[in-house]
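First up is the structure itself, then whatever we jot down about it.
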Amino acid sequence: MIILDTALLARAGLLLQYCVSKLFRDLEPAGCSVDDRGFHCDFIPRSPNAWLSEKEARRIEELVLSEEQRGVSIDPVGTRSGNEVLELLERTAVYRVGDALAYLEPGVKPSERRVGAIKILNISAHNPEPGVRLLRLIGVAFESGEDLERYMEWLRRAAERDHRVIGQRLDLFSFHEEVGPGLVIYHPKGQVVREELIRLVREVNERLGYKEVYTPHVYRSLLWKISGHYYLYRDKMVLARVEGEEYGIKPMNCPGHILIYRSRPRSYRDLPIKFSEFGTVYRWEKRGELYGLLRVRGFTQDDGHAFLREDQVKDEIKAILREVVNVLSIFGFRGEDVKIYLSTRPEKYIGTKEMWEKATKALEDALKELGVPYEVREGEGAFYGPKIDVHFRDSLGRWWQCSTIQVDFALPERFSLEYIDRDGSRKRPVMIHRAILGSIERFMAIILENFAGRLPTWLSPIQVRVIPTGAEAREYAAKVAGMFRAAGIRVDVDAGEESVAKRIKRAYDEAVPYIVIVGKREAEKNTITVRGRGNVQARDVDPSRFIELLKDEIRRRSLRQEALERLVKGCA
RNA sequence: GCCGCCGUAGCUCAGCCCGGUAGAGCGCCGGCCUUGUAAGCCGGUGGUCGCGGGUUCAAAUCCCGCCGGCGGCUCCA
């Protein structure tokens with residue numbers, strides 16, 4: 001990741017405001033903010049048609065550089081406000097640039113060094129509050145053109161990590177116009193990754209005592225009216241009228257699980273009752289919000305619902321949270337890379353304030369007893385209850401939310417859920433909604449980008465590729481492949497006509513973690529040559545020994561190529 | 001949904017600004033090579049230029065609408 005010079009960005013932002021106001025009288029500077037990723041400058045359109053095109057952006061860039069060369073003056077005027085928009089955006093530091101005024105967020109000193117290169121990367125609308133529409137320019141600035149070129153190269157390299165690019169290159173999944181936006185089709189290799197993620201969560205569910213269930217995708221609208229989704233979530237639901245009756249495709253799995261709970265009387269002794277489901281839900285997100293696998297309309301949640309007595313809530317939350325932290329660490333997300341948030345009652349909600357307070361306290365107590373650091377986010381809860389969200393940072397420095405634990409006093413009320421308590425009285429259970437990975441789609445996208453497609457062995461669709469060096473080694477290659485297959489390892493053979501070099505390159509391109517090369521030499525001695533990532537190789541390896549090591553690496557879900565590391569160490 | 005950009009061969013992209021009916025690399029197919037460590041050589045195949053309409057003698061190229069994708073805004077797993 002390239003960290004930018006905020007002082008230089010601030011200077012560029014001031015020059016940018018000056019140049020835009022010089023070239024376009026109907027765009028009024030509304031200040032600039034900077035961070036280590038770039039600047040964003042906003043402008044108030046003075047007329048309805050005041051806007052910029054890409055071509056005009058290029059003109060502005062040129063003018064910034066020539067004004068900078070000419071040595072236009074930049075002087076601080078102090079702090080001032082009075083302008084509504086500037087105050088809203090908190091850009092109260094005023095500067096005089098040439099004969100015009102420009103604004104910055106306070107606390108950033110523009111650099112004394114001159115801007116030698118500037119690039120406007122994006123022209124978009126910014127709506128800081130309803131009714132206010134600003135023109136926003138996002139971009140970067142450097143001292144030299146070479147620095148800019150280096151940055152653009154970095155951007156290109158980052159794009160190669162894009163999960164959409166990797167997904168296509170590795171033949172994992174695709175999107176199709178005929179299917180519709182935000183709907184994924186998984187190919188065989190993508191399905192393997194999905195299944196491995198699901199298998200991991202199944203083990204967690206086993207430990208936590210969640211029983212897996214299966215529920216339909218479509219329900220009468222009646223159900224969604226009872227659950228409240230029909231009123232609070234309707235704009236994201238797919239509704240269909242069939243034979244004079246309305247049905248809705250599920251945007252959440254909870255109502256189905258609630259019906260299982262309600263299918264028979266429950267005793268206090270039965271609680272907690274926990275259901276899990278890899279439930280595929282559909283949420284009709286707005287077009288502009290869709291983004292590869294990270295934001296789709298149909299996705300599978302590793303969902304789970306626990307029905308509990310109030311005295312059981314805290315322990316359940318603690319147990320789930322421990323598992324979440326553990327699961328994230330399997331992917332290498334740990335320590336500083338993981339953050340926990342407690343989100344409280346939003347504006348639109350169901351249930352009573354008392355319920356919300358109780359639920360929020362249960363979450364808070366669990367966090368405190370676990371002694372984990374967390375932050376409170378007011379008003380960010382789901383409409384049916386407060387929640388704990390776990391965010392983590394990937395290798396590109398971005399934060400993601402996947403895991404979530406939500407306490408819910410509202411749905412049990414709406415569905416009149418009950419259990420018979422020790423004294424024979426009817427009591428209302430509490431529900432916990434939880435997801436470990438969140439959505440399989442999103443999680444898969446994140447790990448694809450995090451590992452740049454080079455997934456750890458346990459997640460790799462093909463774990464071992466056998467390459468015979470020539471025709472005479474094909475039979476032996478098939479035999480070796482058979483040994484791997486018998487050990488439950490995903491293996492294939494590339495016995496093509498191409499050169500060994502080419503087939504090795506292809507295996508690397510396809511991110512296959514282990515390449516096994518066999519030729520006459522290996523066939524005679526009953527050995528294999530093992531090649532791993534990063535040009536690491538071991539010769540004269542006993543296939544059975546490698547298979548044992550590999551099984552261990554996979555079983556442990558190692559992030560490293562432990563099997564090969566152990567072979568190499570063993571040789572040395 | 002709003003603003004901007006983009007859509008050309010299976011993939012990555014050039015051509016579009018300055019209209020004259022399409023080009024490269026990879027892939028794929030065929031042949032040669034008989035393969036030992038990150039692209040062997042030669043040849044061939046491949047496109048209603050996202051869809052629809054308009055302007056024009058002529059549209060991949062200019063204009064309008066729609067669909068899809070991306071970068072932002074808002075929202076979210």
Side-chain angles (χ1 to χ4, degrees), chain A residues 38 40 42 45 51-57 120-130 132-139 155 159-160 162 164-165 168-169 171 174-182 233 235-236 251-252 281 283-297 299-303 346 380 382 387 389-391 400-404 406 433-443 445-446 467-474 495-510 515-522 529-531 533-535 537 539:
Chain A
H40 42 274
D42 294 313
W51 214 256
L52 291 176
S53 67
E54 285 284 308
K55 207 180 273 178
E56 286 159 345
I120 295 168
L121 295 168
N122 183 264
I123 305 162
S124 68
H126 176 58
N127 310 292
E129 65 178 28
V132 181
R133 194 182 82 145
L134 303 174
L135 169 80
R136 169 163 285 190
L137 298 179
I138 295 175
L155 268 190
E160 284 171 23
D162 190 309
R164 293 159 304 187
V165 174
Q168 181 175 278
R169 190 163 59 77
D171 195 18
S174 54
F175 290 92
H176 301 266
E177 203 168 325
E178 306 90 310
V179 176
Y233 214 78
D235 55 332
K236 284 192 180 174
M252 294 185 191
V281 294
R283 299 182 186 174
W284 227 245
E285 305 290 349
K286 287 180 247 164
R287 277 293 318 279
E289 292 167 349
L290 302 173
Y291 177 58
L293 281 187
L294 286 166
R295 196 75 188 277
V296 290
R297 281 180 171 163
F299 58 98
T300 303
Q301 293 181 304
D302 57 336
D303 211 350
E380 295 288 316
K387 57 180 185 175
D389 294 321
V390 181
H391 292 229
W400 297 100
Q401 186 218 311
C402 288
S403 324
T404 182
Q406 311 177 346
H433 309 242
R434 48 110 271 204
I436 309 292
L437 304 178
S439 105
I440 305 289
E441 290 52 35
R442 176 176 285 188
F443 200 82
I446 293 163
I467 295 181
T469 57
E472 79 281 357
R474 274 188 205 159
E497 304 285 306
E498 296 100 330
S499 66
V500 171
K502 185 163 183 169
R503 284 179 284 152
I504 286 175
K505 178 174 191 315
R506 181 156 56 220
Y508 274 116
D509 285 345
E510 291 175 20
I515 304 166
V516 164
I517 299 156
V518 292
K520 224 164 149 182
R521 256 193 334 251
E522 285 83 356
T529 294
V530 180
R531 196 175 226 287
R533 288 174 172 151
N535 270 330
Q537 184 169 290
R539 289 175 193 268

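When reading the values below, keep in mind they use all heavy atoms of this one structure, side chains included, and skip hydrogens, waters and symmetry mates. Chain letters run A, B, ... following the sequence lines, proteins first and then strands; every chain starts at 1.
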When the distance from [atom1] of [X] to [atom2] of [N] is rounded to whole Å, what number comes out?
X	N	atom1	atom2	answer
Asp389(A)	C75(B)	CG	P	15 Å
Arg136(A)	G72(B)	CZ	P	11 Å
His126(A)	G71(B)	NE2	C1'	15 Å
Ile436(A)	A77(B)	CD1	P	16 Å
Arg169(A)	A38(B)	CZ	C1'	13 Å
Lys502(A)	C33(B)	NZ	P	17 Å
Glu178(A)	G68(B)	CD	P	11 Å
His176(A)	C67(B)	NE2	C1'	16 Å

Selected nucleotide, minimal atom distance to [X] side chain, candidates [options]:
X	options	value
Lys236(A)	G36(B), A77(B), C76(B)	C76(B)
Pro181(A)	A38(B), G68(B), U37(B)	G68(B)
Glu497(A)	A77(B), A38(B), C33(B)	C33(B)

*Could you point out which residue of Gln537(A), Glu522(A), Arg521(A) forms a side-chain hydrogen bond (donor to acceptor under 3.5 Å, both in side chains) with Thr529(A)?*
Glu522(A)

*What residue among Asp42(A), Asn127(A), Asn122(A) forms side-chain hydrogen bond (donor to acceptor under 3.5 Å, both in side chains) with Arg136(A)?*
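Among Asp42(A), Asn127(A), Asn122(A), the one meeting side-chain hydrogen bond (donor to acceptor under 3.5 Å, both in side chains) with Arg136(A) is Asp42(A).
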
*On RNA chain B, nearest-nucleotide positions of Glu285(A) versus Ala471(A): which is more 5'?*
Ala471(A)

*By nearest nucleotide on RNA chain B, pick out whichever of Gln406(A) and Lys505(A) is the more 5' one.*
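It is Lys505(A), whose closest nucleotide lies nearer the 5' terminus.
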
Does a side-chain N or O of [X] approach OP1 or OP2 of [N] to a distance below 4.0 Å, or not?
X	N	result
Ser499(A)	G40(B)	yes
Tyr291(A)	G71(B)	yes
Arg164(A)	G68(B)	no

Kindly indicate whether the side chain of [X] and the base of [N] share any N or O donor-acceptor pair separated by less than 3.5 Å?
X	N	value
Arg295(A)	C75(B)	yes
Gln537(A)	U37(B)	yes
Arg503(A)	U35(B)	no

Expressed as a whole number of Å, how far does the [atom1] atom of [N] sit from that of [M]?
N	M	atom1	result
C13(B)	C49(B)	C1'	14 Å
C70(B)	G30(B)	C1'	39 Å
G72(B)	G15(B)	P	25 Å
C33(B)	G23(B)	C1'	30 Å
C51(B)	U56(B)	P	23 Å

Considering every strand shown, what is the Watson-Crick or G-U wobble mate of [N] when both distances are under 3.5 Å?
N	answer
A24(B)	U12(B)
G7(B)	C67(B)
A60(B)	none
G1(B)	C73(B)

*asked:* Please enumerate all residues that pass side-chain hydrogen bond (donor to acceptor under 3.5 Å, both in side chains) together with Glu285(A), with sequence neighbours excluded.
replied: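 Partners of Glu285(A) under the side-chain hydrogen bond (donor to acceptor under 3.5 Å, both in side chains) test: Lys236(A), Arg295(A).
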
*Which atom names give the shortest non-hydrogen contact between Tyr508(A) and Gly534(A), and what distance separates them?*
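Between these two residues, the closest heavy atoms are CE2-N, 4.3 Å.
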
*With Glu441(A), which residues qualify under salt bridge (charged side-chain N to carboxylate O under 4.0 Å, His left out), at least two apart?*
Arg194(A)

*Output all residues satisfying salt bridge (charged side-chain N to carboxylate O under 4.0 Å, His left out) with Glu380(A), sequence neighbours left out; order by chain, then residue number.*
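Checked Glu380(A) against salt bridge (charged side-chain N to carboxylate O under 4.0 Å, His left out); zero matches.
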
*asked:* Applying ring-ring contact (aromatic ring centres under 6.0 Å, His included), can you list everything that pairs with His126(A), at least two apart in sequence or on another chain?
replied: none

_Mind checking if Ile138(A) touches a base, just sugar-phosphate, or nothing, with heavy atoms under 4.0 Å?_
sugar-phosphate

*Please name all residues satisfying side chain to side chain contact (heavy atoms under 4.5 Å, CB included) with Gln168(A), sequence neighbours left out, ordered by chain then number.*
none

*Do we count Phe175(A) as stacking onto G69(B) if the rule is ring centres under 5.5 Å and planes under 30°?*
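So no, this residue does not stack on that base, at least one cut-off failing.
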
*Identify whether the distance between the nearest side-chain nitrogen and carboxylate oxygen of Glu497(A) and Arg474(A) falls below 4.0 Å.*
yes

*Take nucleotides 1-11 of chain B nucleotide by nucleotide from the 5' end and write B, S or -, depending on whether a protein heavy atom sits under 4.0 Å from the base, only from the sugar-phosphate, or from neither.*
BBBSS-----S

